[in-house]
Student: 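Following this message is one structure expressed as structure tokens.
Heavy-atom basis, side chains included; hydrogens, waters and symmetry copies ignored. This structure is a prediction, so every number in the text was calculated from the model and none was measured.
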Amino acid sequence: MHATGLNEAVRTDLEHLRPWMPWAKEEPSLERSIEMSRAGEEVWDAGTDFMYVLTAPDGSDAVIGAFGLHSRIGPGALEIGYWVAQAHNGRGLATEGARALTAAALGLPGVDRVEIHCDEANLASASVPRKLGYRLDRIDDSPVTAPSETGRKMVWITTG
């Protein structure tokens with residue numbers, strides 16, 4: 001479990017995450033991070049969602065980002081979510097992580113579609129599916145859940 005490292009990473013980068021991540025409204029307590037890590041393990045064991053942490057390339061266990069495969073978009077599909085610590089942006093880490101998760105998702109039985117959702121104003125997040133060859137399927141009106149969101153959610157899709 002990487003609860004301590006995840007907690008430290010989120011607390012360190014809270015101002016970077018807050019504009020786009022609804023869960024980054026306030027600094028998480030270590031107890032909350034442990035709770036969330038346990039919940040992540042439970043959904044992994046249930047086979048519904050798969051959470052990953054990205055650790056520093058220096059070989060340490062320092063958490064510098066997180067990725068997830070989420071079953072929240074319906075049968076036959078998984079959604080990829082991600083964030084990378086600000087100090088590690090611009091190195092292709094989100095793109096490579098999403099590339100690996102796309103391949104893993106499409107390799108699962110019954111999964112034939114992978115989606116990445118992001119707000120229209122989140123240019124950094126939108127660059128990931130674009131680089132990976134996802135196609136922009138649509139832009140939906142969506143409730144604003146984080147301070148920098150416009151309420152227009154881009155839905156990027158790739159199929160296997």
Student: Tell me, do I139 and V155 make a side-chain contact under 4.5 Å, heavy atoms counted?
Tutor: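 The answer is no; the side chains never approach within 4.5 Å.
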
Student: Under the salt bridge (Lys or Arg N to Asp or Glu O under 4.0 Å) rule, collect the residues that match up with E149, sequence neighbours excluded.
Tutor: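 Partners of E149 under the salt bridge (Lys or Arg N to Asp or Glu O under 4.0 Å) test: none.
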
Student: Sub-3.5 Å donor-acceptor pair from the side chain of T12 to the main-chain atoms of A9, do we have one?
Tutor: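 Not a single qualifying donor-acceptor pair exists.
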
Student: Test of understanding: with side-chain contact (heavy atoms from CB on, under 4.5 Å), list the residues that count as partners of I73, not counting sequence neighbours.
Tutor: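 Testing I73 for side-chain contact (heavy atoms from CB on, under 4.5 Å), a comparison that skips the adjacent residues, returns A77, E79, R113, E115, H117.
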
Student: Using distance only, find each side-chain donor-acceptor pair of residues 128-135 under 3.5 Å and give its atom names and separation, not counting sequence neighbours.
Tutor:
unit_1, atom_1, unit_2, atom_2, d
Y134, OH, T102, OG1, 2.6
R135, NH1, D137, OD1, 2.8

Student: Do D141 and R152 pass the side chain to side chain contact (heavy atoms under 4.5 Å, CB included) test, and can you show the C-alpha distance, the side-chain angles, and the key distance before you say yes or no?
Tutor: CA-CA 5 Å; D141 289 331; R152 304 214 357 108; 3.6 Å; yes

Student: Between L101 and Y82, is any pair of side-chain heavy atoms under 4.5 Å apart?
Tutor: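 When only atoms from C-beta onward are counted, Y82 and L101 do not touch, as no gap falls below 4.5 Å.
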
Student: Can you give the donor-acceptor pairs under 3.5 Å from side chains of residues 48-56 to other protein atoms, not counting sequence neighbours?
Tutor:
unit_1, atom_1, unit_2, atom_2, d
T48, OG1, V43, O, 3.4
D49, OD1, S71, N, 3.4
D49, OD1, S71, OG, 3.1
D49, OD2, H70, ND1, 2.9

Student: Report the residues that fulfil side-chain contact (heavy atoms from CB on, under 4.5 Å) with R91, sequence neighbours left out, ordered by chain and then residue number.
Tutor: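 For R91 the side-chain contact (heavy atoms from CB on, under 4.5 Å) partners, ignoring immediate neighbours, are H88, L93.
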
Student: Between D112 and L106, is there a side-chain heavy-atom distance shorter than 4.5 Å?
Tutor: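 L106 vs D112: side chains apart.
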
Student: If you apply the rule salt bridge (Lys or Arg N to Asp or Glu O under 4.0 Å), what do you find for E96 with R99, and how did you get there?
Tutor: CA-CA 5 Å; E96 289 311 308; R99 182 187 317 280; 3.1 Å; yes

Student: Donor-acceptor pair, D119 side chain versus A121 backbone, under 3.5 Å?
Tutor: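 Pair found, side chain donor or acceptor close to backbone of A121.
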
Student: Does Q86 have any side-chain contact (heavy atoms from CB on, under 4.5 Å) partners at least two apart in sequence or in another chain, and if so, which?
Tutor: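 Here the qualifying residues are D13, H16, N89.
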
